[in-house]
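Side-chain atoms are counted along with the backbone in the values below, which use heavy atoms only and exclude waters and symmetry mates.
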Amino acid sequence: MKLLYGTGNPAKLSAMNSRLEQLDIELIGLNDLKVEGYSFPKVSENGNTPLENARLKALAYYEAFHMPVFSCDSGLYFDDVPNEVQPGVHVRNVNGKCLSDEEMIEYYTGLVKRYGNLVARYRNAICFVISYGYWRLVR
């Protein structure tokens, strides 16, 4: 089975290939399609959760290439911090502004000062599309 991993990140593709090497899956990434002359759609990851972004990407790539595809996304969440200040999928964007590295350090240092030691966790999501009308979300 040929399966598209909706990423242009060679390290992610390589890691996933090593995990799937025992299976009968030919895993390719977006850059493999680019080398073959295909162009891939630019997907706006404007969802509010990792699950929404994974779905947006997987459906767009399936529509473009008509082959089974899965896409992943993740978000950063802190324990014991109100929802309105959770970074989620918007780690670098705060109050509609894209933060520089220095601004990010200042912002997250401020959260530590306000809430104490922060325990951070990534929430990951995967959307797998195998055919029209059949897709699956996993958290």
Side-chain angles (χ1 to χ4, degrees):
M1 171 199 241
K2 191 172 191 176
L3 178 62
L4 174 62
Y5 182 5
T7 185
N9 183 323
K12 286 182 180 180
L13 182 62
S14 176
M16 190 60 68
N17 262 320
S18 69
R19 289 182 182 105
L20 299 177
E21 67 187 358
Q22 300 299 318
L23 303 175
D24 188 26
I25 295 175
E26 178 188 353
L27 189 65
I28 63 170
L30 295 173
N31 290 335
D32 295 316
L33 293 174
K34 193 174 187 179
V35 167
E36 293 178 18
Y38 293 95
S39 60
F40 49 89
K42 174 73 174 131
V43 180
S44 295
E45 296 181 45
N46 55 7
N48 289 317
T49 66
L51 201 54
E52 290 175 7
N53 282 342
R55 182 176 182 268
L56 288 168
K57 292 184 286 188
L59 290 172
Y61 300 141
Y62 182 82
E63 181 67 30
F65 304 115
H66 305 287
M67 65 185 303
V69 61
F70 75 97
S71 186
C72 305
D73 205 74
S74 60
L76 180 65
Y77 297 86
F78 299 117
D79 291 352
D80 304 319
V81 173
N83 284 338
E84 56 271 6
V85 294
Q86 292 291 351
V89 295
H90 308 286
V91 174
R92 191 172 279 274
N93 296 302
V94 175
N95 299 322
K97 182 178 189 246
C98 183
L99 302 179
S100 67
D101 290 347
E102 294 79 20
E103 291 169 324
M104 282 182 60
I105 291 168
E106 182 179 331
Y107 176 76
Y108 289 109
T109 300
L111 287 182
V112 170
K113 288 177 183 173
R114 184 171 180 187
Y115 296 103
N117 289 333
L118 297 177
V119 175
R121 302 175 195 281
Y122 271 102
R123 291 186 188 160
N124 299 301
I126 299 169
C127 182
F128 176 60
V129 180
I130 195 164
S131 67
Y132 278 114
Y134 184 82
W135 49 273
R136 184 84 166 175
L137 300 172
V138 180
R139 278 195 265 191

side-chain contact (heavy atoms from CB on, under 4.5 Å) between V43 and L59, worked out: CA-CA 10 Å; V43 180; L59 290 172; over 6 Å; no
Can you tell me how far CZ of R55 sits from CG of D73, rounded to the nearest 0.5 angstrom? 14.0 Å
Do P50 and Y77 make a side-chain contact, defined as non-hydrogen atoms from C-beta onward lying under 4.5 Å apart? yes
Report whether I105 and L118 are members of the same hydrophobic cluster (ILVMFWY, side-chain heavy atoms less than 4.5 Å apart, transitive linking). no
What is the minimum heavy-atom distance between V69 and Y61, and which atoms define it? CG2-CB, 4.0 Å
Any side-chain heavy-atom pair of Y115 and V85 under 4.5 Å: yes
Rounded to the nearest 0.5 Å, what separates atom CE in M1 from atom CG in L27? 11.0 Å
Quick one: closest heavy-atom pair of P87 and F78, and the distance? CG-CE1, 3.5 Å
Evaluation steps, side-chain contact (heavy atoms from CB on, under 4.5 Å), between L30 and L4: CA-CA 7 Å; L30 295 173; L4 174 62; 4.3 Å; yes
Shared hydrophobic cluster, I130 / L23 (ILVMFWY, side-chain heavy atoms < 4.5 Å): yes
Joint hydrophobic cluster, Y122 plus Y108, side-chain heavy atoms closer than 4.5 Å: yes
Could you tell me the separation between the CZ atom of R92 and the CG atom of D101, rounded to the nearest 0.5 Å? 4.5 Å
Closest approach of S44 to L56 (non-hydrogen atoms, all atoms of both residues): O-CD1, 3.7 Å
Atom pair CZ/OG of R121 and S74 - distance to nearest 0.5 Å: 15.0 Å
Between L3 and F128, does a side-chain contact (heavy atoms from CB on, under 4.5 Å) hold up when you go through it step by step? CA-CA 10 Å; L3 178 62; F128 176 60; 3.5 Å; yes
Would you indicate whether the side-chain heavy atoms of R114 and V81 approach each other to under 4.5 Å? no
What one should report as the nearest heavy-atom pair of A125 and A54 is O-CB, 3.9 Å
Would you say E52 and V89 make side-chain contact, with heavy atoms under 4.5 Å? no
Should we count CG of N117 as having more than 12 external heavy atoms under 6.0 Å? no
Has S14 got a side-chain atom pairing as donor or acceptor with P10's backbone, closer than 3.5 angstrom? no
For the side chain of D32 and the backbone of G29, is there at least one donor-acceptor N/O pair under 3.5 Å apart? yes
Indicate the atoms forming the closest heavy-atom contact of S71 with G6, along with that distance. OG-O, 3.8 Å
Nearest heavy-atom pair of A64 and P41: which atoms, and what distance? CB-CD, 3.7 Å
Over 12 foreign heavy atoms within 6.0 Å of CD, Q86: yes
For the CG atom on D79, are there more than 12 heavy atoms of other groups (residues, nucleotides or ligands in this structure) within a distance under 6.0 Å? yes
Do L76 and L51 share a hydrophobic cluster (ILVMFWY, side-chain heavy atoms under 4.5 Å, transitive)? no
Can you tell me how the ring of Y38 sits relative to the ring of F65, calling it parallel under 30°, perpendicular over 60° and tilted otherwise? perpendicular
Rounded distance [0.5 Å steps], OH in Y5 versus CE in M16: 4.5 Å
With rounding to the nearest 0.5 angstrom, report the CG to CG distance, N46 to N53. 7.0 Å
